[in-house]
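Working notes, beginning with the structure itself.
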Amino acid sequence: MRAMAHIEGHAGHQTIAALRQFGVDAIFTLNGGHIWPFYDAARGTEIRIVDTRHEQSAAFAAEAYAKLTRRPGVAALTAGPGVTNGISAVTTAMFNGSPLVVLGGRAPAARWGAGSLQEFDHVPVLAPITKLAATVTDPSTAGAVVHDAVRLAAQRHRGPVFLDFPLDLFGPAEGDVPDGTGLRDESIDHDAVERLAAMVASAQRPAFLVGSDAYWDGASETLTAAAEHLGVPCFFNGLGRGMLPARHPLAFLRTRGLLKQRADLVVVIGTPLDFRVGFGRFGDATVAHVVDAPSRVAAHIEVPTVAGDIAAILRGLADHRGDRVDHTDWIAELRAAENAELATEAPLLAADTDPIKPTRIYGELRKVLDPDAIVVCDGGDFVSYAGKYVEVNQPGTWLDTGPYGCLGSGMGYAIAARTVHPDRQVVVLLGDGAAGFSLMDVDSLVRHRLPVVMIVGNNGIWGLEKHPMQYIYGWDVACDLQPDTRYDDVVKALGGGGETVRRPDEIGPALRRAFDSGVPYLVNVMTDPADVYPRSSNLG
Ligand SMILES: Cc1ncc(C[n+]2csc(CCOP(=O)(O)OP(=O)(O)O)c2C)c(N)n1
Ligand SMILES: [Mg+2]
């Protein structure tokens with residue numbers, strides 16, 4: 001028998017009690033009568049209600065809360081359009097393996113079919129993009145249902161869950177909420193781990209490529225131990241960034257392209273073998289895969305794979321005893337290439353051009369960014385540069401949208417970042433196109449007193465589409481935005497601050513004013529629309 005807490009009130013009280021078991025202390029939302037019982041139950045608890053101007057922002061904020069805390073992130077979305085507005089963020093959470101919990105309102109069950117306001121069966125729409133989508137039907141077991149759903153979201157392989165609550169469920173009720181969050185399964189296949197360790201130890205030029213699921217499993221320490229013990233250079237993507245500090249001797253940012261030509265073993269850890277990692281092919285190198293659950297074994301390519309708790313698997317690698325090949329020359333080769341790249345980027349970061357090159361913005365940002373700053377990326381080419389030039393030093397500080405690639409996550413992610421880390425710098429890097437999806441949620445930043453610094457790379461185009469269209473067709477359509485738009489004035493109108501920058505030497509002082517302002521502040525940098533990002537990957 002599980003220990004239980006007995007909760008009286010209505011199903012909302014049981015829901016809130018269940019969320020507290022998992023350390024949830026914020027719910028992201030936008031008002032609608034169907035979800036008032038959650039607000040009612042959260043009153044007077046540690047749970048903070050953070051309301052937004054679009055359910056997309058609320059759901060993205062909840063996903064980012066999960067990314068930042070490694071606890072479940074919760075959004076409460078009202079029936080019908082509230083839920084459907086959250087769908088891109090739910091799908092993003094599925095692609096990112098983020099434990100997102102969406103509590104939906106729902107038209108009353110007793111009148112179902114008669115045409116109540118917003119009467120829509122969300123469940124079949126949410127089912128393909130969640131680990132669980134269901135309607136809560138019994139008020140006396142609501143707490144247990146919520147508890148089990150949240151635990152499911154938080155268990156490997158993590159992902160979103162959805163529950164909706166018919167309005168007429170919320171009558172007086174009582175029910176039990178289980179204690180605790182469920183034990184973490186750290187068991188691993190020691191033989192498989194030992195075989196992997198032997199592969200790494202006997203390789204001449206091995207590398208680790210580390211992604212989000214390693215972060216979700218809290219594997220930073222054991223990754224460091226495994227890499228140092230076996231002498232393996234590490235590359236990162238997604239939430240893997242920062243799992244070794246950028247300047248760790250085994251951390252590499254700029255030389256991933258070399259793996260194809262030079263590595264003889266690439267161990268991809270905690271990220272799918274998708275388009276971001278060449279679909280799991282690195283020239284002639286042997287590829288091995290470490291995944292957090294059997295469901296993550298690649299279907300399109302057969303490589304040696306170890307599934308289980310990634311922190312435990314890496315601890316197994318760190319504990320490997322026996323001889324290993326000396327990788328000193330290999331690490332030195334990569335370091336020399338990395339340093340050569342570093343030298344070539346220096347002039348780009350200092351580019352003194354008119355109009356401004358986006359790289360200069362990163363040169364200036366690097367000078368003012370704290371090591372523990374949270375960096376949010378939302379855009380096309382402008383944020384691709386961030387991936388190249390922003391150095392990440394701590395796990396859980398780099399928030400990009402992930403492989404679903406949904407523009408519009410920026411403001412939701414920013415709301416969560418500052419809610420979770422009120423004392424840290426939060427910087428939101430926005431393409432001008434991306435900014436349009438969510439800028440109205442500056443209102444939420446202002447109302448909730450969440451000062452963040454937004455930087456718009458304002459090239460007046462959907463650059464990541466325009467340049468490739470030009471390259472492929474020789475013409476483009478639907479690629480232009482209004483040039484010279486004053487996104488800073490939008491933020492000022494909403495109660496924040498901002499300024500427009502047109503000269504490279506104005507960027508640094510503007511960023512300093514932004515961080516000092518204590519309000520949501522947008523630095524609108526007019527950048528060169530002719531600047532073409534040196535892109536090598538493709539969509540397919
Ligand atoms: C929701 C959504 N719609 C469309 C796209 C396709 N898309 C990817 S990048 C991009 C251009 C982004 O432009 P901007 O934010 O201005 O950044 P830039 O490339 O100009 O630096 C577009 C339209 C997408 N990824 N997500
Ligand atoms: Mg643009």
Side-chain angles (χ1 to χ4, degrees), residues 54-57 59-60 63 84-96 129 238 274-276 348 351 355-362 365 375-390 399-414 427-441 454-473 476-488 490 500-502 507 522-540:
H54 195 306
E55 286 86 0
Q56 169 155 306
S57 293
F60 273 127
E63 199 229 349
T84 50
N85 274 350
I87 279 181
S88 287
V90 175
T91 317
T92 296
M94 187 185 67
F95 274 72
N96 290 335
I129 49 168
D274 64 14
F275 69 96
R276 294 170 299 169
L348 299 173
I356 294 170
K357 292 283 180 202
T359 51
R360 175 67 183 263
I361 301 173
Y362 293 107
L365 182 61
V375 179
V376 175
C377 297
D378 186 8
D381 289 343
F382 181 57
V383 304
S384 299
Y385 282 117
K388 264 180 123 143
Y389 299 127
V390 174
L399 299 183
D400 64 21
T401 182
Y404 195 53
C406 184
L407 296 174
S409 59
M411 226 42 67
Y413 276 22
V427 58
V428 193
L429 304 168
L430 295 162
D432 52 340
F437 287 85
S438 67
L439 215 49
M440 196 66 204
D441 256 305
M454 293 156 269
I455 306 175
V456 173
N458 191 344
N459 54 6
I461 54 173
W462 301 99
L464 185 144
E465 307 297 351
K466 186 174 180 98
H467 292 303
M469 273 198 92
Q470 279 291 343
Y471 179 76
I472 290 167
Y473 292 109
D476 69 84
V477 65
C479 286
D480 293 332
L481 300 160
Q482 187 63 26
D484 226 42
T485 297
R486 295 292 302 268
Y487 295 100
D488 52 328
V490 176
T500 285
V501 169
R502 297 175 193 278
I507 302 170
L522 189 144
V523 181
N524 185 37
V525 187
M526 298 300 178
T527 59
D528 185 359
D531 182 82
V532 180
Y533 184 81
R535 195 166 292 286
S536 57
S537 65
N538 61 34
L539 302 173

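FYI, side chains are in, hydrogens and waters are out, and symmetry mates aren't considered; it's all heavy atoms of this structure. Both counts, for ligands and for their atoms, begin at 1 and track the order of listing.
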Closest non-hydrogen protein atom to [atom], residue and atom name please, with distance?
{"atom": "atom 17 (O) of ligand 1", "answer": "G380 N, 3.1 Å"}
{"atom": "atom 25 (N) of ligand 1", "answer": "G405 O, 2.8 Å"}
{"atom": "atom 5 (C) of ligand 1", "answer": "L407 CD1, 3.8 Å"}
{"atom": "atom 9 (S) of ligand 1", "answer": "L464 CD2, 3.6 Å"}
{"atom": "atom 20 (O) of ligand 1", "answer": "G463 N, 2.8 Å"}

(message) Could you tell me if the side chain of M469 sits less than 4.5 Å from the side chain of V477, heavy atoms only?
(response)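 In contact.
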Would you say ligand 1 has an N or O under 3.5 Å from any N or O of [X]?
{"X": "F437", "result": "no"}
{"X": "E465", "result": "yes"}
{"X": "G379", "result": "no"}
{"X": "W462", "result": "no"}
{"X": "I461", "result": "yes"}
{"X": "A434", "result": "yes"}

(message) As an exercise, state the distance from NE2 of H54 to CG of L439, rounded to the nearest 0.5 Å.
(response)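 Atom-to-atom, H54:NE2 and L439:CG are 13.5 Å apart.
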(message) Quick check for you: to the nearest 0.5 Å, what is the distance between I87 atom CD1 and E55 atom CD?
(response)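 Answer for the CD1-CD pair, I87 versus E55, is 11.5 Å.
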(request) Please state whether the separation between the Mg ion (ligand 2) and some N/O/S atom of N458 is under 2.8 Å? (result)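 No - counting backbone and side chain alike, N458 has no N, O or S atom under 2.8 Å.
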(request) May I ask you to check if any N/O/S atom from I461 comes under 2.8 Å of the Mg ion (ligand 2)? (result)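 A backbone or side-chain N, O or S atom of I461 is under 2.8 Å from the Mg ion (ligand 2).
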(request) Looking at D432, pick out the N, O or S atom nearest to the Mg ion (ligand 2) and give its name. (result)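 It is OD1, the N, O or S atom of D432 closest to the Mg ion (ligand 2).
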(request) Could you label the plane-to-plane angle of the Y362 and Y385 rings as parallel, tilted or perpendicular, counting under 30° as parallel and over 60° as perpendicular? (result)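 It falls in the tilted class, 30° to 60°.
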(message) Tell me whether the rings of F60 and Y413 are parallel (<30°), tilted (30 to 60°) or perpendicular (>60°).
(response)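 If you compare the ring of F60 with that of Y413, the planes turn out perpendicular.
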(request) Mind running side-chain contact (heavy atoms from CB on, under 4.5 Å) on F382 and N459 for me, showing each step along the way? (result) CA-CA 9 Å; F382 181 57; N459 54 6; over 6 Å; no
Numbered atoms of ligand 1 (with element) below 4.0 Å of [X], judged on heavy atoms:
{"X": "D381", "answer": "18 (P), 19 (O), 21 (O)"}
{"X": "F382", "answer": "21 (O)"}
{"X": "G431", "answer": "14 (P), 15 (O), 16 (O), 17 (O)"}

(request) Looking only at non-hydrogen atoms, find the nearest pair between R276 and P403 and report the distance. (result)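 Taking every non-hydrogen atom into account, NH1-CD, 3.5 Å.
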Within the distance-only criterion (no hydrogens, no angle test), does the side chain of [X] pair as donor or acceptor with the backbone N or O of [Y] below 3.5 angstrom?
{"X": "N458", "Y": "D432", "result": "no"}
{"X": "D378", "Y": "L430", "result": "no"}
{"X": "H467", "Y": "A530", "result": "no"}

(message) Taking only non-hydrogen atoms of G408, do any sit less than 4.0 angstrom from ligand 1?
(response)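 Under 4.0 Å: no for G408.
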(message) Name the residue from D480, D531, D381 that meets the salt bridge (Lys or Arg N to Asp or Glu O under 4.0 Å) definition with K466.
(response)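 In the set D480, D531, D381, the residue that makes a salt bridge (Lys or Arg N to Asp or Glu O under 4.0 Å) with K466 is D480.
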(request) Apply the side-chain contact (heavy atoms from CB on, under 4.5 Å) test between M526 and each candidate in I356, T485, T500; give the one that qualifies. (result)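 Going through I356, T485, T500 one by one, the side-chain contact (heavy atoms from CB on, under 4.5 Å) with M526 is satisfied by T500 alone.
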(request) May I ask you to identify, for N459, whether its side chain, its backbone, both or neither come under 4.0 Å of ligand 1 on a heavy-atom basis? (result)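 Just the side chain.
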